[in-house]
Each structure stands twice: as C-alpha cells, then as structure tokens.
Protein chains: 2
Amino acid sequence: MQPVTIKTIAEQLGLSIATVSRALKDSHEISQATREKVKQAALELGYQPNVNASGLRAGSSKTIAVMVPEVENHFFSQVISGIESVAREYDYHVLIYLTHEDPKKEEAFAHLLGNGRADGLLISVTHNKNGYAHLNRLSQAGFPMVFFDRLVEEVEVPHVCTNNEAISYEATSLLYQRGAKKPAFLGLDPDLFITRTRQAGYQRAVEQFDPGAIPLLFAGSGKPAQDLPRLHAFFKEHHPDGFLGAAESMALLLYELGSQENFQIPKDYQLISFTNLSAVPFLHPSLTAIVQPAFEIGKEAAELLFKVIKKKKIYPAERKRILPSCIRLAASLRASKG
Amino acid sequence: MQPVTIKTIAEQLGLSIATVSRALKDSHEISQATREKVKQAALELGYQPNVNASGLRAGSSKTIAVMVPEVENHFFSQVISGIESVAREYDYHVLIYLTHEDPKKEEAFAHLLGNGRADGLLISVTHNKNGYAHLNRLSQAGFPMVFFDRLVEEVEVPHVCTNNEAISYEATSLLYQRGAKKPAFLGLDPDLFITRTRQAGYQRAVEQFDPGAIPLLFAGSGKPAQDLPRLHAFFKEHHPDGFLGAAESMALLLYELGSQENFQIPKDYQLISFTNLSAVPFLHPSLTAIVQPAFEIGKEAAELLFKVIKKKKIYPAERKRILPSCIRLAASLRASKG
DNA sequence: TTTACTTATGCAAACGTTTACGCGGATTTT
DNA sequence: AAAATCCGCGTAAACGTTTGCATAAGTAAA
C-alpha cells in the first residue's frame, strides 16, 4: 500500500496537483465546489501531507528540539511537559536529546541541528570546560535558541531561569536561623551557571551570619556513583551541620549519605535542597525543598522560542526572564510554625 | 547567511552535485583524490545534509516517535531514557508525544504519524473506551509499531511488558503474610492492560488466602485531584488494611491519603505499590515497591522496533517480551528480616 | 463587437538529495 | 590495431509540495 499523495487525489478527481494543493489550503483562487470535493476526497483517502516535502519546500520542519542532561529528574521532566504543552498549541513537534552530562554529546547534537530537522532549540547545558563554541556557532548562524535554567551568559541568547542567588541566600539564612553553625553547599561544577549563582547566594548568607567563615563547598558531577564516596570524604573532613543542595541530584545524594552516616535530622543536621520531587512531603528525615516552577519555565521558554522562530519583536526585558522559586518547608517545621 | 548545500561544495570545487553526493558517501565510483577534496570542503564549510531532502528522497526520516501518558513519572522517564540510548546507537532521533491520559490526543497524534515524520512508534496507551482503531489502522498500513507496558492485545503488534500477574500475586501474598486481612487493589481503568493483569494477580492471591472474599477494587483516573476525594470515600466505605497500588500515580495518592487519615504504617496498614521513584527508600511511612526494569523495557522495545523498521526477522518468541519486575522491601522490613 | 478584467485552473520550476544511465578517455584484451 | 573493459564523472529524473505565471472561459465595460 503506497502512501496517498496530492497526486492521488488529483488523478482521482481529474484535477491538477496545483489545484488540489491550493484547495487544501483554502485558497480563494479555487471555487467553493472544487475545494469541497478535494477536501472530501482527502478525508476519504486519509491523505496526510508529507512533511519532508513541505518542509523541504518551506525550509522549515514544524519541530523544536529540547536538549537536557537527563530526563529521570523531576525538574527536567516537568520542564519538558511545559514545553510540550506550548508546542502542541503551535502545532509543533518535539525532539528530545539527552546529554547525560557529557559535553561531547551536546556538541555532537548541536552539530546535527543545522540540517533542517528542527526550527529551534531549547537547551539546558552541561558543563563544558572547553566552552560553548558549538552553541555560539549555531546561534550566530541564526538558529533560534533559548536557554533555560542552566544557561550560558557568553552566548547572546534569550533565557528563562529562576532567582537563584536570592533563593539560595534565603535558604542558607534559614539554615543558620534553625541553628546550623557550619552549613555546606553541594553543587555541580562551579562553572555551571546554576552552581555559580546559587553558590553566590550561599556565600552572601555565610558572610552575613558568620563573617570571615570559610565556605564549605562540594562540587559533584551529578552522577551518584561518583559523587557519593567523595561526599563521604567531604563530610568526614569538614563535619558540616547543615546542607544546601543546589541540584535535584544532590537531594538524593544527601539522603544516601544520611542513611549511611546515620544522620539525626533535623536534630543534628539541617537539610535544604533544590528539588521538584513530588514525594518530598513524605521523605524522612524531612527535607525543606526549593521548588522551581518547572512547568512554567518550560512554557515560558517555549513561548520565547516561538517568538524568535516567528521573528516577533522581543523586548530587552523579555530576553532575561526570571521566575521565582519557592521554599517549601519540611512538614516538621510547618507543624512547629503553625 | 544561506545554508551550505551540496551545490555550494560542487560550485566551489568545480564538480557536479552528483560527484559531491557520491564522494560524501564514499562511493567507489569516485577517485580517492576527489573524495578527499570534497570531504575537506564539506568540513570547512560546515556542510550538513538537509534531512528533508534526503528524507523525501529515501522515504524515511531517521526518527522514531514515543507516545506516553506523561513524562513526570519515573517509570516513563526511565523508559524514554532507555529508548533514547538505543535510538542514539542507530543514529535515530526521538520525538515525544504526551497524551496526558486523553484518548483524543492519542488519536490525533496517531493520525499525524502517517506523514513521514517518523519511521516507527513506541507507545504505552491511554485508556480509550472507544477502542484502538487508530492504532490498528496505523499498524495495518504497515507503520512499524511496538507497545510497551500499557499494551493493547487486540492490535497485532510486538510488545514488551513485565510479569504483571505474577508479581501482583506475589505482592498481594506479601500483604497477607504481613498480617493484612482486607487488602485493597488500587488501579487505573480496569480495561487497561496493566490494570487488568495486575488485578488478576491480586484476585488470585485473595482467592487463595481468603477464599470467597470480595475483592476491594478502586479504579482511579491517574489524576490526583480527581482521585484523592474518591479514594477517601473508598477508604471510609471499605476500611481496607493494606494496599496494592498498581501504578506509580497510586503510590503518591496513597501517601496523600495516609497523611490526611493519619495512617500508622506499617502498624495499621501495609503499603505496596508499583513505582520507580528513586526516593522510595527514604519515604515515610515506608513503602514496599514493585520496581519495573524501566530502562531495559525502553531498550528492548526500541531494539524490537528497529528490527521491525529494518525488516529483520522477528521470531514469534520475541514478539511478546516479558521482563520481570522485582519487589524491593521497605527498609523497616529489610531490617527485621536481616 | 472589441477590450478589459475577473475567476478558476493548469504548467512548470523550485526546495536538496540520491541514483540510473550515459559518455568520454584510458587501459587492457584479442 | 580494433574491440572490450573499466574508471571517473556528468546529466537528468525523481521524491511530494508550493507557488509564480500563463491561460482559458466567462463577465463587464466601452
């Protein structure tokens, strides 16, 4: 069974393919009667326009690409969901690329995008010690692109992120207020935007609550198997009494550590982490979560990307969109507060 | 800056586009010298073959589609990750479609796939009281397709799933062995494959441990906002003392219920649920999890799909692939066991 | 009746690739 | 030396769609 094309319809109705094409697009050049006949036939034959043909002709694909480090992560999966909802509104399709924190993969994927497969890219980058020339090249070539969450400031592209510095400051302050004396910061690579900004908030709080203190900084890879032993060593060396996890992967890592070291939380240790896990309220020991508006980030980033794709005017203020995160207190603290 | 095509290279080197095309594909018809010149030029110019053009020509897209109810769910996100890893091996791209448990969306998406955008489909269906004619049509038309997890037996398509009946029987037995007298089954729509098979396992155990007892069955929609009040009513009416959650969404629902009804678990209630949440070991009250090999399911399903796409022989035994789930005891029980 | 203009349709080119076929020229075979 | 073979490359058609231009018929204006 060969596919039904515009030609099939044309032959069946004794019309030219040009007429059929125009009729299907409701062109005013075609008579009402013909238009209806064509549409009827298309429906009956189950005609579906070939996307490669129209894409080739139009130079577009009605597809956007999403590149993220991983999808087994509530933050990213919620972002993807937000992106998908907007894409659907615009009748666009969504390609996903998982970099698994491997900069080589990110470069390879970026290289693949210049070929008409996608009309734009939404990306949350992976740490790359060699910089982001691959993204700069893409952007310079006029390829529509928007960063979210893990952005790259050197690349001149609109972005959507959260109030990292402020919320981290607030969270660290909370650690001190609850009695922590030596709170530690657990981040990913310090060069990564989210680590840098969140660490800045942490450090500002440290300076304020404990002037002159040396910040306790742990830099993870995002891969539990690698990070756990290193976190253990970090713990043994510095004996922190509170933690700010600056990424979702850090939250689980802390729990692994806690269960092995037999933490008494919140008696001995205060735990706060960025995380979008929906099970947070039921975790034990309880966790205070910094929740990012992931779904909205996805939506806003996608809306922004479509503005770029459709070449709509983007006001300078829109180019750097900042959505606020919120701190969701652990159940134990909520109770003692009420 | 217009895109660099095969023509650009041809003009620059004074060759025909045919030669360039062949040289890029390492055709033996082209001299070594020319081949190298062409490749060098392609590299310098950053040439990327236009996928619409080659796709149109070849009638393929090097893309597969994945259709799932949602992505904010560890099971599905792990499956997607598994799929993506295989797709990458085959140099294929991955489109995602989220149905959000809406059969209308599933039908609409299925209708979109006949147009050359994807070469195959991996799908975990949504309950549809009108049946699955849309999938049957696609499959009948020769579109490569593989089901995973939520499959449809009426549609003659290979699938990958887990030992639903057996593991549910085992889990329900465990509920009884731990002292439950009236365990309840929480599933999605009873017509859905996973609900039906898991329920069968539950009922077999009920028959065995408490012959003649009436099974306590709750049918949820998968949307917490709708399900929670109904689950409350169910709880008040039947007073079950144990639960088997037959889907990841049921696990969280149980915790919501538990926190509102102030469950004492496992003193008063036994909790077992299908779930791939990585935070399970840290949940309180503790949960015994039925963990599906999600990543492997994704991998196997994708491998199967590629066999279909590449028209390789698929032995009857391969058409129904069953991977075993495993029961991960709650920490409290592990301790008392050790 | 001729001219001008509208309406409905067809022709053909173009998007970028791939590939069957053909054609010179060099090399080998008879 | 003529014939056959082969190498390296070019010409052109095809994939399915869209669209500028042409054209035919019909209608209105002069």
Side-chain angles (χ1 to χ4, degrees), chain A residues 1-39 41-42 45-63 91 112-119 141, chain B residues 1-39 41-42 45-63 91 112-119 141:
Chain A
M1 176 188 131
Q2 49 217 11
V4 31
T5 75
I6 229 172
K7 199 170 163 189
T8 322
I9 303 179
E11 279 167 4
Q12 177 161 329
L13 298 177
L15 290 169
S16 77
I17 59 166
T19 305
V20 174
S21 175
R22 277 189 267 249
L24 289 171
K25 321 212 95 184
D26 266 327
S27 164
H28 58 280
E29 301 184 72
I30 305 297
S31 72
Q32 183 76 20
T34 315
R35 264 186 281 173
E36 280 170 11
K37 258 198 321 191
V38 170
K39 288 194 180 175
L45 294 168
Y47 168 75
Q48 282 289 84
N50 180 296
V51 297
N52 281 323
S54 32
L56 176 58
R57 181 65 224 245
S60 84
S61 59
K62 293 224 129 206
T63 302
D91 269 321
L112 284 175
L113 288 176
N115 59 4
R117 192 179 291 276
D119 296 348
Chain B
M1 177 187 129
Q2 48 218 8
V4 30
T5 75
I6 227 171
K7 200 169 161 190
T8 321
I9 303 179
E11 281 168 1
Q12 176 161 327
L13 299 178
L15 291 169
S16 78
I17 59 168
T19 306
V20 174
S21 174
R22 279 189 267 249
L24 289 171
K25 322 212 95 186
D26 265 325
S27 164
H28 57 278
E29 301 184 73
I30 306 297
S31 73
Q32 183 76 21
T34 316
R35 265 188 279 175
E36 278 170 12
K37 258 198 321 192
V38 170
K39 288 195 180 175
L45 294 169
Y47 168 76
Q48 282 290 84
N50 181 296
V51 295
N52 282 320
S54 32
L56 176 59
R57 182 64 223 248
S60 84
S61 59
K62 292 226 131 204
T63 303
D91 268 322
L112 284 174
L113 289 176
N115 59 5
R117 192 179 291 277
D119 296 347

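Just so it is clear, the model here is predicted, and its values are computed rather than measured. Letters A, B, ... mirror the listed sequences (proteins, then strands); counts begin at 1. Atom set for the values below is all heavy atoms of this structure, side chains included, hydrogens, waters and symmetry mates excluded.
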Per side-chain contact (heavy atoms from CB on, under 4.5 Å), B/Tyr47 is matched among B/Val20, B/Val4, B/Thr8 by B/Val4

For the pair made of [atom1] in [X] and [atom2] in [N], what is the distance, rounded to whole Å?
X: A/Lys25; N: D/dT17; atom1: NZ; atom2: P; value: 11 Å
X: A/Gln32; N: C/dT7; atom1: CD; atom2: C1'; value: 14 Å
X: A/Leu15; N: C/dA8; atom1: CG; atom2: C1'; value: 11 Å
X: B/Leu13; N: D/dG8; atom1: CG; atom2: P; value: 17 Å
X: B/Asn52; N: D/dA14; atom1: CG; atom2: P; value: 21 Å
X: A/Lys7; N: C/dG10; atom1: NZ; atom2: C1'; value: 15 Å
X: B/Asn115; N: D/dG16; atom1: CG; atom2: C1'; value: 12 Å
X: A/Ile17; N: C/dA8; atom1: CD1; atom2: P; value: 21 Å

Just compare C/dG16, C/dT9, D/dT17 and give me whichever is closest to any side-chain atom of B/Thr5.
C/dG16

Candidates D/dT17, D/dC9, D/dT19 - which lies nearest the side chain of A/Ala18:
D/dT19

So do [Y] and [X] actually touch side chain to side chain, heavy atoms under 4.5 Å?
X: A/Leu45; Y: A/Ile9; result: yes
X: B/Lys39; Y: B/Asp26; result: yes
X: A/Lys62; Y: A/Asp91; result: yes

Whichever of B/Ala53 and B/Glu29 has its nearest DNA chain C nucleotide further upstream toward 5'
B/Ala53

Classify B/Ser54 by what it touches in the nucleic acid, base, sugar-phosphate, or nothing, heavy-atom distance under 4.0 Å.
sugar-phosphate

Is there a side-chain contact (heavy atoms from CB on, under 4.5 Å) between A/Val38 and A/Leu13? Walk through the geometry before answering.
CA-CA 8 Å; A/Val38 170; A/Leu13 298 177; 3.9 Å; yes

Counting distance alone, no hydrogens or angles: does the base of C/dG10 have a donor or acceptor under 3.5 Å from a partner atom on the side chain of A/Arg22?
yes

Any donor-acceptor pair, under 3.5 Å, between the side chain of A/Arg117 and the base of C/dG16, if you only look at N and O atoms?
no

5'-most contact on DNA chain D (nearest-nucleotide basis), B/Thr19 vs A/Asn50, goes to B/Thr19

Would you say A/Ser31 reaches C/dT9's phosphate, i.e. side-chain N/O to OP1/OP2 under 4.0 Å?
yes

